[in-house]
Amino acid sequence: MTGGTGALGGLVARHLVAEYGVRHLLLTGRRGPDAPGAAELVAELTGAGAHVTLVACDTADRDALARLLDTIPADHPLTAVVHTAGTLDDGVVRSLDRDRFDKVWRPKADGAHHLHELTEHLDLDAFVLFSSLAGQAGNAGQANYAAANTFLDALAQHRHAQGLPATSIAWGLWGETGEAGGTGLATRLDEAALARAGHGGLLPLAAADGLALLDAALATSRPLLVAARFDATALRARADEGTLAPRLRGLVRTTARRAAAPGPNKPADLLKGLDRPQQENLVRDLVRTTVAAVLGHPDTSRVEDDLAFKSAGFDSLTAGELRNRLCAATGLALPVTLAFDHPTPAVLAGYLLRRLEPAAAQPPVLAELDRLESALAALADDEELRRTVAARIETLLAACAAPAPETARDAEDDTSRIESATATDLFDLIDKEFGGLSG
C-alpha cells in the first residue's frame with residue numbers, strides 16, 4: 001500500500017486487516033517510519049494480528065520501487081496493490097509550471113505507472129487506484145491534480161482491457177477518518193473552502209460511508225467508479241445556472257422552464273428603469289452577495305465594504321471565481337485582474353456601476369466598444385495576435401471615418417429638389433458645390 005502512513009492510507013490499512021483478514025502488509029510512504037503516527041499505526045495493526053513492514057520509498061522512483069518489490073518473500077508473495085499516495089499543489093493554470101505539475105504528477109501518476117509495469121506479470125487479486133472526482137468533473141485550481149487522476153482512470157481501463165485486475169475509484173471529499181490526530185481532506189480545508197465545495201454540490205464522506213463504498217467498488221468488476229456524496233439541491237442549482245460539470249448533469253433533473261430561463265445577458269437590462277440610488281443599491285448588493293457566495297458565507301453579514309479582498313481571504317482561485325460570477329450576472333466582459341484592480345467590495349461596486357450605467361443609456365455600438373476594451377485589457381502577451389487585432393481596428397477606424405454613403409432617400413430628395421428648382425436655385429447650387437465662375 002502506497003501512502004500507507006497518511007490519514008487515508010491508515011484508515012484503509014485498518015479496514016483491510018479488520019474486514020478482509022489481511023495478515024501481511026507492506027506499507028510505503030515518503031517518510032516511512034519517521035512519519036507522524038507511523039509507530040502507533042504499526043503497533044495497532046500488529047496488535048490486530050497483522051505482520052507489518054513499513055518502508056520509506058518514493059514510488060515515483062522506478063528503481064527504488066523495483067528494489068522494494070524484490071524484498072517481498074516468496075512464501076508471502078504480493079497479492080494486491082492499493083495506491084493511495086498523492087499530493088496537492090493548487091493554483092490557476094498559468095501558475096502551474098513544470099515543477100508544480102511534476103510535484104503532483106509524480107507520486108500519483110508515475111507511481112501508478114511504475115506499479116503497473118513492475119507487477120503486471122504477477123497473479124494479483126486486486127490492483128486498486130485511489131483516484132479523484134477532479135479527474136472526472138474538474139475542480140477549480142486543480143488542473144495538475146485532475147490530469148494525474150485522469151491518468152489513473154485510464155490506466156485502470158487499460159489493465160482491464162488486458163485482462164488484468166484494476167479498480168480506479170474516483171473519490172469525492174473525505175471527511176474525518178476517525179483516527180486520532182488524522183483527518184481527511186475535508187477537515188484540512190478552511191471553513192470557506194468547505195462551504196464552496198458544498199455550494200458546488202459535494203459533501204464530505206464519513207469514514208464509515210467511505211469504507212462501505214470501497215467495499216462496494218471492490219465487489220464489482222468495473223475498472224472505474226465514482227465514490228462521492230452529493231447534495232442534490234446544490235447540484236440542481238448549479239445545473240440551473242449552467243455551471244454544473246457535464247459529467248454530473250445526469251444526476252439531477254431540471255425543468256424545461258428553469259433550463260430555458262434567460263440570464264441577464266445584456267448589461268443595459270440590469271439598471272433599466274431604476275433611478276440613481278436604486279442602481280447603486282442594486283450593484284452594491286450584487287457585489288456583496290457574490291463575495292459571500294464565493295467565500296462560502298451563508299449571507300452578506302460578514303462582507304465588509306471596505307475590507308480588501310486579500311484580507312478577506314481571497315486568492316487567485318477565488319478572485320477568478322468572483323470575476324466569472326460577476327461576468328455571468330452582469331453580462332459584462334470583465335478583466336481577469338478584476339479583484340486586484342478594484343480591491344474592495346465598495347471600489348468594485350463603483351467600477352461596475354460606471355460600466356453598467358453607460359450601458360443602460362448609450363447606443364448598443366458604444367456598449368460593444370466597452371466590451372472590446374475589456375477584451376483588449378485581458379489580451380494575452382502575444383505580439384502577433386496584438387498586431388493582427390491592431391490592423392483590424394485600423395481598418396474599422398478607416399471605415400468609420402469615411403463619409404456615410406448616400407442613401408436612396410437622400411437621392412430621392414435631391415432629385416425632387418432639382419426638378420422643382422428655378423434657374424436661380426440651380427446656379428446657386430452649382431456655386432455652392434463647385435465655387436463661382438472666375439473672371
Can you list the steps and then say if Leu133 with Gln136 is a side-chain contact (heavy atoms from CB on, under 4.5 Å)? CA-CA 5 Å; Leu133 183 62; Gln136 295 293 317; 4.2 Å; yes
If we only count heavy atoms from C-beta on, is the Leu271 to Leu353 side-chain gap below 4.5 Å? yes
If you take all heavy atoms of Ala38 and Pro33, which pair is closest and at what distance? CB-O, 3.7 Å
Is the shortest side-chain N to carboxylate O distance from Glu280 to Arg284 below 4.0 Å? no
Here's a test for you: under salt bridge (Lys or Arg N to Asp or Glu O under 4.0 Å), which of Arg30, Arg31, Arg106 qualifies with Asp58? Arg106
Are Arg62 and Glu117 ion-paired here, with the side-chain N under 4.0 Å from a carboxylate O? yes
Tell me whether the rings of His24 and His51 are parallel (<30°), tilted (30 to 60°) or perpendicular (>60°). tilted
Under 3.5 Å, side chain of Asn149 to main-chain N/O of Ser132, donor-acceptor pair present? yes
Could you tell me whether a side-chain N or O of Ser311 sits under 3.5 Å from a main-chain N or O of Leu307, the two making a donor and an acceptor? no
Answer yes or no: does atom CZ of Arg23 have more than 12 heavy-atom neighbours from other residues, nucleotides or ligands under 6.0 Å? yes
Counting N and O atoms only, with roles assigned by atom type, does the side chain of Arg288 sit under 3.5 Å from a partner on the main chain of Val303, one being a donor and the other an acceptor? yes
Side chains of Phe230 and Leu248: does their closest heavy-atom pair fall under 4.5 Å? yes
Do the non-hydrogen side-chain atoms of Leu78 and Leu69 ever get within less than 4.5 Å of each other? yes
Output yes when Asp315 and Lys310 qualify as a salt bridge under the 4.0 Å nitrogen-oxygen rule, no when they do not. no
Give a yes or no on whether a salt bridge exists between Asp89 and Arg100, defined as a side-chain N under 4.0 angstrom from a carboxylate O. yes
Within the 4.5 Å heavy-atom criterion, are Val55 and Leu27 side-chain neighbours or not? no
Sidechain-backbone polar pair: Lys108 side chain, Phe151 backbone, donor-acceptor under 3.5 Å: no
Quick one about Asp153 and Ser168 (side-chain donor to acceptor, distance below 3.5 Å, no hydrogens or angles considered), yes or no? yes
No-hydrogen, no-angle side-chain donor-acceptor test under 3.5 Å, Thr344 and Asp306: no
For the side chain of Arg159 and the backbone of Pro165, is there at least one donor-acceptor N/O pair under 3.5 Å apart? yes
Heavy-atom pair with the smallest gap, counting every atom of Thr28 and Cys57: CB-CB, 4.4 Å
Minimum heavy-atom separation for Ala227 to Leu213, with atom names? CB-CD1, 3.9 Å
So, the side chain of His114 versus the backbone of Ala60: is there a donor-acceptor pair under 3.5 Å, distance only? yes
Do His116 and Leu164 come close enough that some side-chain heavy atom pair is under 4.5 Å? yes
Short side-chain to backbone donor-acceptor contact, Thr84 and Phe130, under 3.5 Å: no
Between Gln279 (side chain only) and Leu274 (backbone N and O only), is there a donor and an acceptor less than 3.5 Å apart? yes
Of all heavy-atom pairs linking Val17 and Ala50, the shortest is CG2-CB, 3.9 Å
Check whether Arg325 reaches the backbone of Val294 with its side chain - one donor and one acceptor, N or O, closer than 3.5 Å. no
Looking just at side-chain N and O atoms, do Asn144 and Trp105 make a donor-acceptor pair shorter than 3.5 Å? no
Heavy-atom pair with the smallest gap, counting every atom of Thr119 and Leu115: OG1-O, 2.6 Å
Without swapping roles, check the side chain of Arg323 against the backbone of Leu334 for a donor-acceptor pair under 3.5 Å. yes
Could you go through Leu124 and Val81, starting from their C-alpha distance and side-chain angles, then the distance that decides it, and tell me whether this counts as side-chain contact (heavy atoms from CB on, under 4.5 Å)? CA-CA 8 Å; Leu124 298 181; Val81 170; 4.1 Å; yes
Closest non-hydrogen atom pair between Ala245 and Ala137, with its separation: CB-O, 3.4 Å
